[in-house]
2 protein chains.
Amino acid sequence: MQLRLLRYFTTLAREGHFARAAEACGVTQPTLSAGIAALEEQFGHRLVLRERRYIGLSPEGQAMLPWAQQLIAVYDGMAHAMEAIDGPIQGEFRLGVIPAAMPATGYLARALLAGHPASTLSVRSLTSREIERGLVAFDLDAGLTYLDHEPPADMLAAPLYAERYIFLARAGGDFDGRTSIGWAEAAGSDLCLLHPGMQNRRILDTRLAERGLAIRPRATADSYVALLAMVQAGGFATIMPDSYLALLPGMSWARILPFDDPAPASRIGVIVPNRHPIGPLAAAALAVARAVALPDGFRI
Amino acid sequence: MQLRLLRYFTTLAREGHFARAAEACGVTQPTLSAGIAALEEQFGHRLVLRERRYIGLSPEGQAMLPWAQQLIAVYDGMAHAMEAIDGPIQGEFRLGVIPAAMPATGYLARALLAGHPASTLSVRSLTSREIERGLVAFDLDAGLTYLDHEPPADMLAAPLYAERYIFLARAGGDFDGRTSIGWAEAAGSDLCLLHPGMQNRRILDTRLAERGLAIRPRATADSYVALLAMVQAGGFATIMPDSYLALLPGMSWARILPFDDPAPASRIGVIVPNRHPIGPLAAAALAVARAVALPDGFRI
DNA sequence: TCCTCTCGATAGACGGGCCCTATCATGTCG
DNA sequence: CGACATGATAGGGCCCGTCTATCGAGAGGA
């Protein structure tokens with residue numbers, strides 16, 4: 001009957017340690033132990049396996065965990081909704097962002113925090129799948145990700161901008177003086193790209209497959225910064241979204257070539273879980289995304 | 001922090017009366033009054049308007065109510081899930097059924113209760129919109145309704161059977177000896193039909209509009225029993241789903257005519273809200289609907 | 001082998017909060 | 001004007017959650 005015990009439970013599941021979980025909950029370790037014991041007594045199942053130390057959750061505990069997380073999230077949503085009645089939105093926006101969209105985070109963050117001065121923002125770089133998982137598991141309030149590719153179900157969306165691919169090579173190489181490039185030539189270059197499992201890479205592979213091209217990168221990474229560093233160091237070119245150009249206008253070492261046959265632009269925007277009722281944080285994120293105007297370099 | 005207070009709150013909102021709500025919660029009236037006061041103290045808002053008697057919910061209370069209902073529903077879902085671990089599903093299935101599907105309730109109920117002997121079933125006759133509202137508001141566990149017309153969002157579905165329209169007139173009239181009827185002739189008869197707002201009526205109107213026909217019933221009702229009674233009394237014919245024929249095989253007073261140009265069959269099935277995690281009652285309802293075999297007269 | 005550290009359980013005391021019964025205050029209706 | 005209905009208030013009892021202090025079993029190292 002008490003959410004407090006469920007908070008103990010979820011915290012313990014996250015921390016994997018009684019004393020640390022107790023500290024995170026602001027109580028002493030015996031209190032947390034008693035709370036877990038009370039939960040187990042109440043539901044008639046051993047929830048936490050332990051023998052002189054924390055082992056893990058029992059199957060029953062694993063079955064219970066998502067319910068407990070949802071209960072806590074709904075309670076927090078209610079508390080936020082009540083706080084938001086008389087005054088600005090308080091609390092922390094938890095925003096999950098795919099790496100390709102990270103350059104747009106600044107404008108979204110500025111608008112979000114300007115519109116809601118009493119709130120704070122926590123940005124986490126995640127894959128699109130992790131964002132979806134975090135949203136349904138109540139670990140995130142909103143996501144910044146692709147809207148059209150593998151769209152998650154049961155989401156409300158607000159488009160922010162659209163990205164196109166560009167070809168990026170080191171200045172002083174074969175591409176000086178060029179004004180555009182074809183897909184086949186790009187695919188034949190020595191490329192460094194994202195890992196095949198990442199969504200942006202999957203989209204790129206799809207784009208190439210539509211043209212009958214396959215790609216064999218010489219190097220892969222999970223970070224655009226790594227790709228930029230490899231291109232800068234020389235020996236590689238890459239294909240990446242143009243959104244990073246808005247972030248890095250002064251890359252004199254770079255040759256940036258658009259494709260002469262541009263692929264369809266990919267819309268990127270904010271998504272929030274479509275729940276009833278919708279929480280004030282999600283509603284605010286959506287409203288801000290619909291109102292914010294991104295500068296040139298981000299085009300819709 | 002305590003779900004108990006939220007239970008007081010939602011019960012009070014439903015009952016509109018402090019003493020009755022207290023009795024429904026199994027506590028005394030002062031306890032419930034103190035609970036409401038504690039909630040208002042905790043959230044800093046007057047939730048219940050009252051001046052010597054219950055008036056209603058304040059705007060803040062109305063905003064809070066769906067959150068409280070969701071919290072209670074999620075808690076109940078968790079409790080059910082934990083109970084369902086070791087043993088049969090307990091508790092009450094709350095099933096909303098549209099009138100057109102009511103004849104199929106018996107077989108679904110039998111299968112549901114046979115598969116889950118420790119559970120009980122509560123059937124409520126509702127419109128399709130009320131079912132959808134009840135499912136998202138956690139007042140229902142499952143619905144039995146149309147799957148293809150105006151399908152509600154975020155639902156999991158399991159088809160049960162498909163219905164077709166038949167024409168029903170009193171024996172001894174102009175339709176004796178006929179084996180089928182056309183839509184135009186039927187539309188020109190003296191008809192009694194459901195009220196225009198009901199979904200089955202809207203579907204029928206759509207079917208007729210597809211054939212360029214409009215309909216002007218002489219009488220309308222909100223109950224198929226009323227339609228049957230009016231046909232039996234004489235002076236009216238009606239158009240209704242064939243599922244009622246399975247329920248009433250001995251209607252010697254009736255002439256039942258299929259349409260010579262049958263409309264597409266309408267699938268009827270069980271829907272449950274698509275939530276994460278899904279509760280054991282919803283899962284069981286869906287599983288039973290997928291496993292149950294309906295007798296002849298209900299055809300898929 | 002033994003000492004020490006870690007980790008969770010247990011004991012006992014304290015305090016708060018929840019619920020009860022009893023009663024009051026006020027509005028309504030006959 | 002009196003009886004009833006309705007919700008608030010007062011006071012007492014008890015349960016339950018939290019704390020500090022301590023125990024007991026393993027793990028790891030000298």
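Note on naming: letters A, B, ... go to the chains in the order of the sequence lines (proteins, then strands), and numbering restarts at 1 for each one. The figures that follow rest on heavy atoms only: side chains count, while hydrogens, waters and symmetry mates do not.
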**Student:** Mind calculating the distance between CZ (A/R7) and C1' (D/dT18) to the nearest angstrom?
**Tutor:**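 Atom CZ in A/R7 sits about 18 Å away from atom C1' in D/dT18.
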**Student:** Please confirm whether the shortest side-chain N or O distance from A/Y8 to OP1 or OP2 of D/dT18 is below 4.0 Å.
**Tutor:**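 Answer is yes, contact under 4.0 Å.
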**Student:** Which listed nucleotide (C/dA9, C/dC20, D/dG7) is nearest to the side chain of B/V27?
**Tutor:**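 Comparing C/dA9, C/dC20, D/dG7 against the side chain of B/V27, the answer is C/dC20.
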**Student:** Just checking, is any N or O donor in the side chain of B/Q29 or B/S33 under 3.5 Å from an acceptor N or O on the other one?
**Tutor:**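 Looking only at side-chain atoms, B/S33 and B/Q29 do form a donor-acceptor pair, the distance falling under 3.5 Å.
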**Student:** Separation of A/L49 atom CG from C/dC7 atom P, in whole Å?
**Tutor:**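 It works out to 18 Å between those atoms.
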**Student:** From the options C/dG8, D/dT9, D/dT6, select the nucleotide whose nearest atom is closest to the side chain of B/R53.
**Tutor:**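 Nearest to the side-chain atoms of B/R53, counting from C-beta on, is D/dT6.
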**Student:** Between B/Y146 and B/A100, which heavy-atom pair has the shortest distance, and what is it?
**Tutor:**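 Between these two residues, the closest heavy atoms are OH-CB, 3.5 Å.
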**Student:** Side chain of A/Y54 only, heavy atoms from C-beta on: which candidate in C/dG8, D/dA8, D/dA21 is closest?
**Tutor:**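 Nearest nucleotide to the side chain: C/dG8.
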**Student:** Over how many whole Å does the gap from A/Q29 atom CD to C/dT6 atom C1' extend?
**Tutor:**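 Whole-Å distance recorded here is 11 Å.
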**Student:** Strictly below 4.0 Å: does A/H17 bring a side-chain N or O up to OP1 or OP2 of C/dT6?
**Tutor:**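 Answer no for this pair, as no side-chain N or O of A/H17 is under 4.0 Å from OP1 or OP2.
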**Student:** Rounded to the nearest 0.5 Å, how far does OG1 of A/T220 lie from CE of A/M230?
**Tutor:**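 These two atoms lie 7.5 Å from each other.
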**Student:** Could you check how far CD1 of A/I36 sits from C1' of C/dA9, rounded to whole Å?
**Tutor:**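 Spelled out: CD1 on A/I36 to C1' on C/dA9 is 13 Å.
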**Student:** Look at A/R4 and D/dT18 and indicate whether a side-chain polar atom (N or O) is within less than 4.0 Å of OP1 or OP2.
**Tutor:**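 Yes, A/R4 has a side-chain N/O under 4.0 Å of OP1/OP2 on D/dT18.
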**Student:** Write down the distance between CG (B/L12) and C1' (D/dA8), rounded to a whole number of angstrom.
**Tutor:**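 It is 14 Å, rounded to the nearest whole Å.
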**Student:** Output the rounded distance in Å from CD (B/E23) to C1' (C/dC19).
**Tutor:**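 Taking CD of B/E23 and C1' of C/dC19, I get 17 Å after rounding.
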**Student:** Nearest to the side chain of A/R50, heavy atoms from C-beta on, is which of D/dA10, D/dG7, C/dG8?
**Tutor:**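 Minimum distance to the A/R50 side chain belongs to C/dG8.
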**Student:** Would you mind reading off the distance between A/I55 atom CD1 and C/dC7 atom P, rounded to a whole angstrom?
**Tutor:**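 Checked: the CD1 to P distance equals 13 Å.
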**Student:** Give, for atom CD1 of B/I131 and atom CG of B/D139, the distance between the pair rounded to the nearest 0.5 Å.
**Tutor:**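 Those atoms lie 12.5 Å apart.
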**Student:** Please report the distance, rounded to the nearest Å, between CG in B/L5 and P in C/dG17.
**Tutor:**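 Rounding to the nearest Å, CG of B/L5 and P of C/dG17 are 12 Å apart.
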**Student:** Report yes if at least one side-chain N or O of B/T28 is closer than 4.0 Å to OP1 or OP2 of C/dC19; otherwise report no.
**Tutor:**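 No, B/T28 has no side-chain N/O under 4.0 Å of OP1/OP2 on C/dC19.
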**Student:** What nucleotide, of D/dC19, D/dA8, C/dA9, holds the atom closest to the side chain of B/F18?
**Tutor:**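 Taking heavy atoms from C-beta onward, the closest nucleotide is D/dA8.
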**Student:** What pair of heavy atoms forms the shortest contact from A/I36 to A/F9, and how long is it?
**Tutor:**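 Shortest heavy-atom separation between A/I36 and A/F9 comes out as CD1-CA, 3.8 Å.
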**Student:** Both A/A38 and B/P30 contact DNA chain D. Which one's nearest nucleotide lies toward the 5' end?
**Tutor:**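 Closer to the 5' end of DNA chain D: B/P30.
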**Student:** Quick check on C/dC18: is either OP1 or OP2 less than 4.0 Å from any side-chain nitrogen or oxygen of B/T31?
**Tutor:**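 It does not, given that no N or O in the side chain of B/T31 lies less than 4.0 Å from OP1 or OP2 of C/dC18.
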